**Student:** 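Supplied in structure tokens, the structure appears directly below.
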Amino acid sequence: MRQRDALSFTLLPCFLLLVIGPLLAASYDGPLYDHTAYTECKKKPEEALYKGGILRGQQLVSAHGSIVDSANNAAYFPAFILYNLTQGFYCFSSWVKIQGAESTLIRASLKTQDAMYNCIGTVIAKRGCWSFLKGGFVLTSPSDFSILYLQNWDDGNVNIALASSSLQPFTEQQWRTNQQYVINTQRKRAVTIHVSDGQGERLQGAAISIEQISKDFPFGSAIAKTILGNLPYQNWFVKRFNAAVFENELKWYATEPEQGNVNYTIANQMLEFVRANQIIARGHNIFWEDPKYTPPWVRDLTGSELQSAVNSRIQSLMSNYKEEFIHWDVSNEMLHFDFYEQRLGSNATLSFYEIAHKSDPLATLVMNEFNVVETCSDVNSTVDTLISRLRELKRGGASMDGVGLEGHFTIPNPPLMRAIIDKLATLGLPIWLTEVDISNTLDKVSQSTYLEEVLREGFSHPSVNGIMLWTALHPNGCYRMCLTDNNFRNLPAGDVVDKLLKEWQTGEVKGETEEHGSYSFYGFLGEYKISVHYANRTAVSTMSLSQGDETRHYNIQL
């Protein structure tokens, strides 16, 4: 994807039919999702997405004509009055300009006849220019009368102007079709295999067998020390996942519980398991800004003693594991907590990134945070707050290479999740879902239903580079969500993961070359083993299928 202020991902209807093929009936005439997003304040608003959708020609209710709810002592403006909304997915966007403050957080909300959606999108709007809000919601039941309105988060006296507003509905089937389009264009690629003899003659009727032996897209889970020596757990994990992250074993409180008593034994053993099975691993984490998870002895340090301890931690960890981990979560959850910056100054985080980059230049340094895609109701971690912090660190010289979205969901909001990732994608940085699970306040079947929604949304977003589950297994269960019981029998969430793993890999492919000596198939990105048999001759070859717009041509001689 190109890096620019507006990230546009245009879906071409004719190519949609060509690629999805049997997944559609004769044609698809529904709306095509628009990934366009903006993160810069502009002098003039851009055109409305979807030409305004169902808001096209809709009159905006201003302060002078505000809607008053006397029962709840509330007034709604600016607002749109919406009639006869059907069940389904809704994508909302609008350009916003304010008067009465230099900048402020604006929230979009929706009130239906049966429910209140407190936050369906946010934007940090600035005085004198237009800012882009993008969000959405899911209606689980129709609503005859609804109010979509915007307000200042802290209820301060700010005038809000809107322009180029849009509300585009999608049925569930239309939403899934758009997801499948991205999967087929971003996660898969067309391949043509050409078979000939040593003189270059085409061989018609050669039998071809194709097997995907590894996947390009990293899909994994957290593991804990409980996997060590546990062969059934190891076999279960390796059969499914190509990526791992250590749940707690690399955290400072685990590797140095007492000052000077540094011990990497457990983490080293876990890394040996990872290496032995050719699994990639994320480094989690160097520092955790939450004082609750900072070693008690560190909390007692101040000034130069704390600085010395911090320097020792990062240098010891990074030198011990140089080039071992693809990522490092450098300063975990820094939008919510600031233990180190409070004690070491505002440039503490910047120095962490500088030292980490010098220690391991090949590792992707990630800013990892919760409640970015899970909700927009957390004022500490709105999408614009995250973008602002990332840019601030970049301006300071930090090697900020990636965005980690934890993904601890209760009930996910797929249109909001997608809109937030769209805005983050304008930064041009790798984006990962790093700690995905569903709240255990829900029953196991509901957990599995919502897990599937989140995983499909992540895998089908063109800017998501990897997905990690937060499902490390312990004798007493998991952090919030387990995939299996202690005997590795699938729970409902495990069934979902197995179903998607099967769906997102190229199944067994067999066929014969046609008259031109060629055979074509459409496969998920990754490594393939190709076996060709003709007469009494056999050839076996391996092929790498990486992302590309053009058909991958591969030649085999017999």
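All values derive from a computational prediction rather than experimental measurement. Below, each value reflects all heavy atoms present in this structure, side chains not excepted, and no hydrogens, waters or symmetry copies.
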**Student:** For Asn277 and Gln234, run side chain to side chain donor-acceptor pair (under 3.5 Å): C-alpha distance rounded to whole Å, both residues' side-chain angles, the deciding distance at 0.1 Å, then the answer.
**Tutor:** CA-CA 9 Å; Asn277 292 284; Gln234 293 177 5; 5.7 Å; no
**Student:** Show the numbers, then the answer: is there a salt bridge (charged side-chain N to carboxylate O under 4.0 Å, His left out) between Glu341 and Arg389?
**Tutor:** CA-CA 14 Å; Glu341 289 199 347; Arg389 193 71 170 102; 2.7 Å; yes
**Student:** Mind checking ring-ring contact (aromatic ring centres under 6.0 Å, His included) for Phe273 and listing every partner two or more places apart, or none if nothing turns up?
**Tutor:** none
**Student:** Determine whether the aromatic ring centres of residues Tyr149 and Phe80 are separated by less than 6.0 angstrom.
**Tutor:** no
**Student:** Applying side chain to side chain contact (heavy atoms under 4.5 Å, CB included), run through His35 and His461 and close with a yes or a no.
**Tutor:** CA-CA 9 Å; His35 284 274; His461 198 290; 3.5 Å; yes
**Student:** Got a second to check how far Phe370's CZ is from Asn332's CG, nearest 0.5 Å?
**Tutor:** 9.5 Å
**Student:** Between Asp498 and Asn490, do the side chains contain an N or O donor and an N or O acceptor separated by less than 3.5 Å?
**Tutor:** yes
**Student:** Between Glu333 and Asn285, do the side chains contain a donor N or O and an acceptor N or O under 3.5 Å apart?
**Tutor:** no
**Student:** Can the ring centres of Phe339 and Tyr293 be said to be less than 6.0 Å apart?
**Tutor:** no
**Student:** Is there a donor-acceptor contact under 3.5 Å from the side chain of Tyr117 to the main chain of Val138?
**Tutor:** yes
**Student:** How far apart are the closest heavy atoms of Met270 and Ala224, and which atoms are they?
**Tutor:** CE-C, 3.6 Å
**Student:** Do Phe409 and Tyr450 have ring centres separated by under 6.0 Å?
**Tutor:** no
**Student:** Regarding Tyr28 and Asn178, do their side chains bring together a donor and an acceptor under 3.5 Å, going by distance alone?
**Tutor:** yes
**Student:** Hydrogens and angles aside, do His336 and Glu369 bring a side-chain donor and acceptor to less than 3.5 Å of each other?
**Tutor:** yes
**Student:** Do Tyr264 and Glu249 have side chains that get closer than 4.5 Å, going by heavy atoms?
**Tutor:** no
**Student:** Could you verify whether a donor N or O on one side chain and an acceptor N or O on the other, from Thr382 and Arg107, lie under 3.5 Å apart?
**Tutor:** no
**Student:** Please check if the side chain of Asn465 supplies one atom and the backbone of Trp432 the other of a donor-acceptor pair under 3.5 Å.
**Tutor:** no
**Student:** Taking the ring centre of each residue, are His327 and His284 less than 6.0 Å apart?
**Tutor:** no
**Student:** Just checking, any donor-acceptor pair under 3.5 angstrom between side chains of Arg391 and Thr39?
**Tutor:** yes
**Student:** Would you say the side chains of Asn152 and Thr104 form a donor-acceptor pair under 3.5 Å?
**Tutor:** yes
**Student:** Can a side-chain donor-acceptor contact be found between Asp378 and Thr375 if the only test is distance below 3.5 angstrom?
**Tutor:** no
**Student:** Can any side-chain N or O of Lys225 pair as donor or acceptor with the backbone N or O of Gln269 at less than 3.5 Å?
**Tutor:** no
**Student:** Run the numbers on Asp114 and Thr112 for side chain to side chain donor-acceptor pair (under 3.5 Å), then give the verdict.
**Tutor:** CA-CA 5 Å; Asp114 300 318; Thr112 71; 5.4 Å; no
**Student:** Which heavy atom in Phe92 sits nearest to a heavy atom in Ala108, and how many Å separate them?
**Tutor:** CE2-CB, 3.9 Å
**Student:** Keeping the roles fixed (side chain from Lys134, backbone from Thr36), state whether a donor-acceptor pair exists under 3.5 Å.
**Tutor:** yes
**Student:** Is there a donor-acceptor pair closer than 3.5 Å between any side-chain N or O of Gln547 and the backbone N or O of Arg189?
**Tutor:** no
**Student:** Evaluate Arg456 against Glu452 for salt bridge (charged side-chain N to carboxylate O under 4.0 Å, His left out), listing each step before the verdict.
**Tutor:** CA-CA 6 Å; Arg456 288 193 181 278; Glu452 182 169 354; 3.0 Å; yes
**Student:** Going by atom types alone, do Thr177 and Gln173 pair a side-chain donor with an acceptor below 3.5 Å?
**Tutor:** yes
**Student:** Keeping the roles fixed (side chain from Gln174, backbone from Thr171), state whether a donor-acceptor pair exists under 3.5 Å.
**Tutor:** yes
**Student:** Would you give the length of the straight line joining atom CD1 of Ile147 to atom CD of Gln113, rounded to the nearest 0.5 angstrom?
**Tutor:** 11.5 Å
**Student:** Judged by modelled atom types alone, do Asn248 and Tyr253 share a side-chain donor-acceptor pair under 3.5 Å?
**Tutor:** yes
**Student:** Quick check on ring pair (Phe, Tyr, Trp, His ring centres under 6.0 Å): which of Trp175, Tyr33, Phe170 does Phe89 satisfy it with?
**Tutor:** Trp175
**Student:** Do the two ring centres, one from Trp504 and one from Phe459, sit under 6.0 Å apart?
**Tutor:** yes
